[in-house]
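Keep in mind that the numbers below use all heavy atoms, side chains included, and drop hydrogens, waters and symmetry copies.
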Amino acid sequence: MTEKKPLLRVDQALECLLQAVRPLTEFEALPTISALGRILAQAQVSLLDVPPMDNSQMDGYAVRAADCVHGPARLQVTQRIPAGQIGYPLLAGTAARIFTGAMIPPGADAVVMQEQCVADDDEVIIKHVPKAGEWVRRRGEDIQVGATILAAGTKLGAAELGLAASVGLASLPVVRKPKVAVFFTGDELAMPGEELKPGAIYNSNRFTLTGLLQSMGCEVTDFGIVPDTLEATRDTLRKAAQGHDLIVTSGGVSVGEEDHIRPAVDAEGRLNMWQIAVKPGKPLAFGEVGQAFFMGLPGNPVSSFVTFLLFVRPFILRMQGVTDVSPKAYSVRADFNWLKADRRQEYLRARLNANGGLDLFSNQSSGVLSSAVWGDGLVEVKAGQLVHAGEMVRFIPFSSF
């Protein structure tokens with residue numbers, strides 16, 4: 001009798017996956033305004049200081065601090081400087097009406113906000129004793145010329161695009177989109193809109209996984225539902241391997257007579273990893289078919305969803321050059337008991353409550369997809385661990401993925 005290999009721990013499986021990644025090397029230049037959500041291919045360096053000149057943080061009056069050291073000072077207003085215009089040198093005993101973002105005129109070293117001033121015809125009474133540098137944004141205080149503003153592998157969000165624009169970058173080099181093929185096995189699967197025959201179920205995984213891939217910026221080719229035969233599975237694998245970086249499937253990775261993914265991958269390529277000590281999602285396959293990587297996820301909808309987040313997501317990110325692929329996790333109080341220790345590492349669907357703690361969804365079955373909609377994230381429970389109400393647990397919000 002063949003001895004069963006021990007299940008891989010989650011960290012071991014993830015390390016195996018990330019070590020196997022072949023990073024994408026092709027990139028394209030996109031207009032900065034169109035690069036939202038893409039991964040930066042090359043580090044970006046600022047060619048200028050930001051701000052490019054000393055400027056005012058407030059609407060008010062630019063002054064020489066030395067003119068205001070003896071209490072209320074009456075100064076002649078000799079110029080008006082809106083943002084985008086350049087003033088002329090400020091003489092002793094004078095002030096400049098200035099607006100937020102406007103360049104500080106030579107000679108001035110402070111700004112007094114307008115609420116601390118009283119205008120009197122062509123003069124102003126300064127009722128505040130300013131210090132040199134007060135309400136002045138210094139040239140280069142945000143970014144200095146030559147500084148790296150965005151590292152390679154950065155996911156470009158709205159703030160990143162704004163930062164790039166602030167140093168004048170009109171376009172950005174981004175890693176090309178990963179090309180991912182998907183297909184789904186199971187003769188019981190039907191599509192929404194079709195008649196649901198006895199014994200059939202609607203194929204929710206097709207929508208969940210395709211949506212997750214699209215949200216990561218992948219180009220997805222959907223090969224649909226594949227009949228439960230070895231021949232059909234092998235044929236689809238061969239087609240999916242052509243022109244794609246990754247193949248993702250759902251279902252058929254267990255050990256039943258109708259589960260054909262494992263023998264099909266063995267026949268068309270090679271299987272590098274199978275079965276992980278994770279709940280939900282024990283049967284997860286990883287290998288290669290032709291030039292494409294292969295990841296076979298379980299068929300149960302929550303198992304498919306969770307294993308995508310834990311394993312497929314970091315794999316795709318690393319493929320695009322992202323270094324830190326770990327989701328942000330937080331220590332949060334458990335307002336529940338979990339007294340059913342498992343030999344596998346578990347991920348429980350939980351929701352933050354009004355008291356700052358976590359509640360569990362009542363049914364943690366791998367077939368209850370409503371738990372993922374109800375929940376705010378996953379509670380990670382180590383193998384053999386019990387959780388008692390009041391203890392701190394590791395919580396990974398869905399928003400971190």
Side-chain angles (χ1 to χ4, degrees), residues 10-46 147-165 167 169 171-182 208-220 244-248 272-273 276 278 281 284 286 288 291-295 297 305-330 347 377-378 380 394-401:
V10 170
D11 60 324
Q12 292 174 323
L14 190 55
E15 182 180 6
C16 175
L17 289 170
L18 297 181
Q19 285 180 347
V21 170
R22 292 189 296 268
L24 300 174
T25 57
E26 302 94 338
F27 64 91
E28 59 181 322
L30 285 183
T32 298
I33 201 166
S34 302
L36 184 68
R38 300 296 292 273
I39 304 298
L40 192 63
Q42 299 169 345
Q44 298 298 292
V45 174
S46 177
T148 297
I149 60 162
L150 294 168
T154 297
K155 184 174 183 179
L156 297 170
E160 287 78 9
L161 297 187
L163 184 62
V167 300
L169 296 176
S171 65
L172 292 170
V174 297
V175 180
R176 73 159 172 83
K177 292 184 176 184
K179 298 177 181 179
V180 183
V182 295
T208 302
L209 295 180
T210 300
L212 287 167
L213 289 165
Q214 289 174 339
S215 72
M216 295 189 68
C218 298
E219 286 186 9
V220 182
H244 293 96
D245 305 301
L246 176 65
I247 304 166
V248 176
N272 300 329
M273 186 177 68
I276 299 170
V278 62
L284 184 141
F286 170 68
E288 296 178 57
Q291 296 300 308
F293 287 106
F294 169 83
M295 298 187 76
L297 308 184
F305 175 68
V306 170
T307 52
F308 183 98
L309 297 180
L310 296 179
F311 302 109
V312 182
R313 173 190 170 274
F315 187 87
I316 292 174
L317 289 175
R318 183 60 59 82
M319 185 185 292
Q320 297 176 90
V322 179
T323 302
D324 184 5
V325 298
S326 300
K328 286 184 171 62
Y330 303 89
Y347 290 87
L378 303 172
E380 184 181 88
R394 189 169 187 264
F395 177 66
I396 312 173
F398 289 136
S399 59
S400 292
F401 289 107

Rounded to the nearest 0.5 Å, the OG atom of S326 sits from the CD1 atom of I396 at a distance of 9.0 Å

Taking every heavy atom of P178 against every heavy atom of I316, the minimum-distance pair comes out as CG-CG2, 4.0 Å

Only residue of K177, Q291, R22, R176 satisfying side chain to side chain donor-acceptor pair (under 3.5 Å) with D245 is R176

Here the gap from I276 atom CD1 to D11 atom CG, rounded to the nearest 0.5 Å, amounts to 10.5 Å

Sorted by chain and number, sequence neighbours left out, side chain to side chain contact (heavy atoms under 4.5 Å, CB included) with L163 holds for I143, I149, L150, S166

>> I'd like to check L310 versus L14 (side-chain heavy atoms, cut-off strictly below 4.5 Å). Are they in contact?
In response: no

Between L18 and P314, the two heavy atoms sitting closest are CD2-O, 3.7 Å

Residue pair E28, V174: steps toward the side-chain contact (heavy atoms from CB on, under 4.5 Å) verdict
CA-CA 6 Å; E28 59 181 322; V174 297; 3.8 Å; yes

Taken in chain and number order and not counting sequence neighbours, the residues that satisfy side chain to side chain contact (heavy atoms under 4.5 Å, CB included) with R313 are M216, F308, L317, P327, F401

### Task
Could you check if a side-chain atom of L30 sits within less than 4.5 angstrom of a side-chain atom of S171, using non-hydrogen atoms only?
no

### Query
Under 3.5 Å, side chain of Q42 to main-chain N/O of L40, donor-acceptor pair present?
no

The test is side-chain contact (heavy atoms from CB on, under 4.5 Å); show your working for L284 and L297 and say whether it passes.
CA-CA 5 Å; L284 184 141; L297 308 184; 3.7 Å; yes

Closest non-hydrogen contact found for L36 with A158 is CD1-N, 3.6 Å

E288 and F293 have their tightest heavy-atom pair at CG-CD2, 3.7 Å

To the nearest 0.5 Å, atom CD of E15 lies from atom CG of L17 at 10.5 Å

request  = Assert yes or no for the condition that the ring centre distance of F305 to Y347 is strictly below 6.0 Å.
outcome  = no

**Asked** Do the non-hydrogen side-chain atoms of V220 and V248 ever get within less than 4.5 Å of each other?
**Response** no

*Apply side-chain contact (heavy atoms from CB on, under 4.5 Å) to V10 and F311, showing your working.*
CA-CA 9 Å; V10 170; F311 302 109; 4.1 Å; yes

- Query: Using the benzene-type ring in the case of Trp, are the ring centres of F286 and F315 under 6.0 Å apart?
  - Reply: yes

Is Q214 reaching over with its side chain to a backbone N or O of G211, donor-acceptor style, under 3.5 angstrom? no

Between the CD atom in Q44 and the OG1 atom in T32, the distance rounded to the nearest 0.5 Å is 8.0 Å

Between A292 and H244, the two heavy atoms sitting closest are CB-O, 3.4 Å

Distance col, row T323:OG1 vs R318:CZ, nearest 0.5 angstrom, shows 6.5 Å

For L24 and Q320, the nearest pair of non-hydrogen atoms, with its separation, is CD1-CG, 4.5 Å

Separation between CG (L169) and CG (L161), nearest 0.5 Å, reads 11.0 Å

